[in-house]
Amino acid sequence: MNATEVMDDQINKKTSKVKNFFRKLSRSWTGMLGFGIIVLLLFLSIFGEWIAPYDPMDAPLSKGLLPPMTDGHILGTDQLGRDILSRIIVGARVSVIIGVATAVLAGLIGTIVGVIAGYFRGWVDVVLMRIVDVTLSFPFILLVLVINAIIGTGLTNIIISLAVAGWVIFARVIRSEVLALREKEFITAAIATGVSKFEILVRHILPNIFTPIIILASLQIGTYIIAEASVSFLGFGVQPPEPAWGNMLNEGKDYIFSSWWLITFPGIAIIITALGVNFFGDWLRDTLDPDLKGE
Amino acid sequence: MLDFIVKRLLQVIIVVFLALTVVFFLIRLSGDPTTLFLPPDAPREQIEEYREQLGFNRPLYVQYGEFMINAVQGDFGQSLRSGEDALGLVMQRMPATFQLAFAALIVSMLIAIPLGVLSAYKRNTLFDRVGVGLSVVGQAIPNFWFGLILIFIFAAQLQILPSSGGGSISHMILPVITLALYSISRFVRFTRSAMLDVLNQDYIRTSKAAGATTSSLIMKYALKNSLIPIITLVALDLGVLLGGAVVTEVVFSWPGVGRLLHQSLLNRDFPIVLAGVFIIAIIYAVINFIADVLYAYVNPQIRVK
């Protein structure tokens, strides 16, 4: 095989992987729907500002509280005259950033803690798992709310608050995965042949827990997006005037008796997003690791 | 069994102890706690005086020790706004929160368990698909948004139910439905899978073959056995409901602990926050403990582990 053939071969392998992904995806309509929603969200969060029909911050007071389908405002305007559709489109970015960044941060902390606890066991494990128990002894939303109130509002701080409250789920699952892996023969063999602890961790344990981490992360993103919306709705989290679905609902709740469109559409955006992410996460789990379904 | 209970009880105490420690250091980590305990516009002399008065100028371990000793005695200091005992204020609001959480729990069980059982029994029929589909959608709906929509329909448009406040049955209807939504979705899915597990067992097939009627099959054999995991989930969900009531209570201005905590966070009234978080951690731990003991009681295999 000459060089170009090798390259062709690698390209073929890659395209066949992509093909394989879509072939499997096409068998599940919920998986496809979820994937479609995620692609749309990513698209909106990158190009939102160019797609939005109006400037989401532009507030002509004279055009306040216009009902949907008036004056070219498809979903109406809010109390300050800002176009709701534009704010929802641009607000997608906040939800995407928060969902993904929190999943990465919480996943990272949780994986490190879970691997250490599961691999080294003993008192390290006991101490770490007690910390997990304590964190789990607070309701998730309440914990996020209290942490956010203490460290302050804003995009970065809400991500930190969500991750500090959310890493424990990862730590628990990863720990039990590592505990199970440790008993496997190939690990015992590696230990017996004198492979260093560090090498076992990096070369044998980490690659094998990658799949559960990805699945768990994708399933948690929906939870984080809803939690951020709840916290922002309560006046913490992402602050106005930055368009985010949660604070749009917070501002809109005062007009509930007169203008229903202020609260209806951002809520629907949250539901579609959460559904899409959950559908895709469920499909990912069923495809990659059906055993996890019971958990 | 007694061994198991004592062991778990010790764990509860450790968790509550650690929870207090975490809360203490969380507040201290955020910088000078005096600024947290005072309104943002407080004059400098007041800050100095307050720091002295609360002992924030002493070594951290002394403060920690004192905080723990006071906390064990239920003393979290006074509300910065009203000057009332912080724990007392929290306890005053407790009945309203319990009322809401229990009502929501009962409503969701009454709706979800029959739905889940039927779904499992009619597996893969249209009924099952719709039931499971709805419960998936239900879990994606933020419950504060659902509450707002209910207010819009029943209070703003139809004007048949009050949108906020407490005190009567009609005040309870909307918040209870809002709070129950999430539990219903979870219970339906869970009851369905617990029932499916049992329905696949050999003894169910045997009794079917022996001519047991459908209703006796479900009620006498299957439901009884699938109740074990369901009870555990229900007990655990009471904790989630109690804590998760924060958002619902705010939406409906329900006079419970959740709304008190929210107001205290907005006002930076941290003694109340500390007391509230402490109480919720205890309730959570106790509920978990009861669920575990209940589970161990009905399933002896657990006790040995």
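Heavy-atom pairs under 4.5 Å with chain A were tallied for B:Val16, B:Ile282, B:Ile287, B:Leu265; the largest tally goes to B:Leu265. Here A:Leu249 is the residue among A:Leu249, A:Leu143, A:Asp133, A:Ile272 with the most heavy-atom pairs under 4.5 Å with chain B.
Contacts between A:Asp282 and chain B at a heavy-atom distance below 4.5 Å involve the side chain alone, from C-beta outward. Within the 4.5 angstrom heavy-atom criterion, no atom of B:Ala285 approaches chain A. With a threshold of 4.5 angstrom between heavy atoms, B:Val136 approaches chain A through its backbone and through its side chain. Within the 4.5 angstrom heavy-atom criterion, no atom of A:Thr135 approaches chain B. When heavy atoms are compared at a cutoff of 4.5 Å, B:Leu261 approaches chain A solely by way of its side chain, counted from C-beta outward. Interface remark: A:Phe233 contributes side-chain atoms only to the contact with chain B (heavy atom separation under 4.5 Å). With a 4.5 angstrom heavy-atom cutoff, B:Val250 touches chain A only via side-chain atoms. Heavy-atom distances place no part of A:Ile225 under 4.5 Å from chain B, backbone and side chain included.
Atom CG of B:Leu18 sits about 8.5 Å away from atom CZ of A:Arg130, to the nearest 0.5 Å. In this structure, B:Ile280 CD1 and A:Leu142 CG are separated by 5.0 Å, a value rounded to the nearest 0.5 Å. Remark: A:Ile226 CD1 to B:Trp145 CH2 distance equals 11.5 Å, nearest 0.5 Å. Atom OG1 of B:Thr21 is separated from atom CD1 of A:Ile131 by 11.0 Å, given to the nearest 0.5 angstrom. Here CD1 of B:Ile149 is found 7.0 Å from CD1 of A:Ile256. Values are rounded to the nearest 0.5 Å. The CG atom of B:Leu266 lies 4.0 Å from the CZ atom of A:Phe236; values are rounded to the nearest 0.5 Å.
At a threshold of 4.5 Å between non-hydrogen side-chain atoms, the residues A:Asn278 and B:Gln139 do not count as touching. With contacts defined as side-chain heavy-atom distances shorter than 4.5 Å, the pair A:Leu136/B:Tyr284 does not qualify. Side-chain contact check for B:Phe144 versus A:Leu234: every heavy-atom pair is 4.5 Å or farther apart. Looking at heavy atoms from C-beta onward, B:Phe152 lies out of side-chain contact with A:Thr264 at the 4.5 angstrom threshold. Residues B:Ser163 and A:Phe257 are in side-chain contact: their nearest non-hydrogen atoms beyond the backbone lie under 4.5 Å apart.
Counting non-hydrogen atoms of neighbouring residues, nucleotides and ligands closer than 6.0 angstrom, the CE atom of A:Met69 reaches no more than 12 such neighbours.
Heavy atoms only, all atoms of each residue included: A:Val134 and B:Ala19 are closest at CG1-CA, 3.6 Å.
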